[in-house]
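One structure is given here, and the rest of the page talks about it.
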Amino acid sequence: MYFESHAHYDDKRFDDDRYETIERVYANGVDYIVNSGSDMNSSEFGIELSHKYPFFYAAVGIHPHETKDIKQEDMLKLLAMSKDEKVVAIGEIGLDYYYDLSPRDIQRKWFEKQLDLSIEAKLPVIIHSRDAAGECFDIIKNSGVRKGVIHSYSGSVEMALDYIEMGFYIGVGGIVTFKNAKKPANVVKSIPISKILIETDSPYLTPEPNRGVRNDSQNLKYIVEKIAQIKQIEPEKVAEITMVNAKELFFEK
Ligand code: NI
């Protein structure tokens with residue numbers, strides 16, 4: 001039924017019940033999961049999980065927060081990891097000027113290098129962009145990368161349409177269900193559903209009505225219901241179309 005395009009089941013918040021949780025969400029209609037890497041260890045762990053479950057896939061990459069710790073040799077390791085048959089994307093990579101946990105010039109440098117890596121690996125990218133919208137867009141544009149998803153998109157309608165024009169999907173997650181989320185709802189309303197992927201970003205960003213507790217992929221149903229309401233179509237249709245979209249991005253070479 002659902003294609004979870006972005007989750008972090010490697011996260012320590014799943015240490016007590018990781019396997020039960022993955023098996024439970026699968027039993028409850030989450031047919032595919034892409035686990036997003038955030039550093040070398042989580043990328044490695046994502047691959048390990050993907051080998052355990054046929055429905056589980058991995059993205060490998062280093063989150064902007066963690067770029068201060070990257071070593072040059074990590075790029076070669078990521079490239080080697082990208083050759084695993086269950087690795088479907090490079091990510092999550094990008095810029096985060098909200099938390100600024102790594103210096104901005106370092107974030108930019110490794111973002112560019114990982115975009116180049118995605119071209120070499122012939123894989124799409126999963127982009128994290130926070131408070132860096134213009135710069136993030138320009139770097140992607142200049143990189144020549146034309147296949148990927150802007151995860152948990154929080155920008156303007158105009159920029160969403162520019163990303164789509166450039167070949168990207170827009171990732172819609174828990175934020176769209178928040179009561180004051182007029183901007184994300186307006187983005188969903190204004191872009192074609194053929195360009196939307198659904199995601200939870202578990203264990204983060206739990207949607208209404210479950211805010212405040214740890215997120216897992218079973219909550220995709222609330223995101224789907226919200227998109228259905230905005231687009232005025234059946235939730236089943238949203239699940240079906242976003243499944244086709246995600247398969248096109250991650251599974252078609
Ligand atoms: Ni994430």
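Worth saying up front: this structure is predicted, and the values here are computed from it rather than measured. Note that ligands are numbered from 1 as they come in the structure, with each ligand's atoms numbered from 1 the same way.
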ask   = Can any side-chain N or O of Asn142 pair as donor or acceptor with the backbone N or O of Asp138 at less than 3.5 Å?
value =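 Present.
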message = Measuring from atom CG of Leu79 to atom CD1 of Ile90, what distance do you get when rounded to the nearest 0.5 angstrom?
response =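 If we round to the nearest 0.5 Å, Leu79:CG and Ile90:CD1 are 7.5 Å apart.
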Working for side-chain hydrogen bond (donor to acceptor under 3.5 Å, both in side chains), residues Glu4 and Thr200 = CA-CA 7 Å; Glu4 163 71 281; Thr200 61; 2.5 Å; yes
inquiry  = Suppose we call two aromatic rings close when their centres sit under 6.0 Å apart. Are Phe251 and Phe3 close by that rule?
reply    =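 Yes.
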Residue pair Arg214 / Thr206, side-chain heavy-atom distance below 4.5 Å =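 In short, these two side chains do not touch, never coming nearer than 4.5 Å.
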query = the Ni ion (ligand 1): which protein N, O or S atoms are under 2.8 Å away?
reply =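 Listed by chain and number, the nearby protein N, O or S atoms are His6 NE2, His8 NE2, Glu92 OE2, Asp201 OD1.
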ask   = Of all residues at least two apart in sequence or in a different chain, which pass the side chain to side chain donor-acceptor pair (under 3.5 Å) check with Tyr2?
value =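 Checked Tyr2 against side chain to side chain donor-acceptor pair (under 3.5 Å); zero matches.
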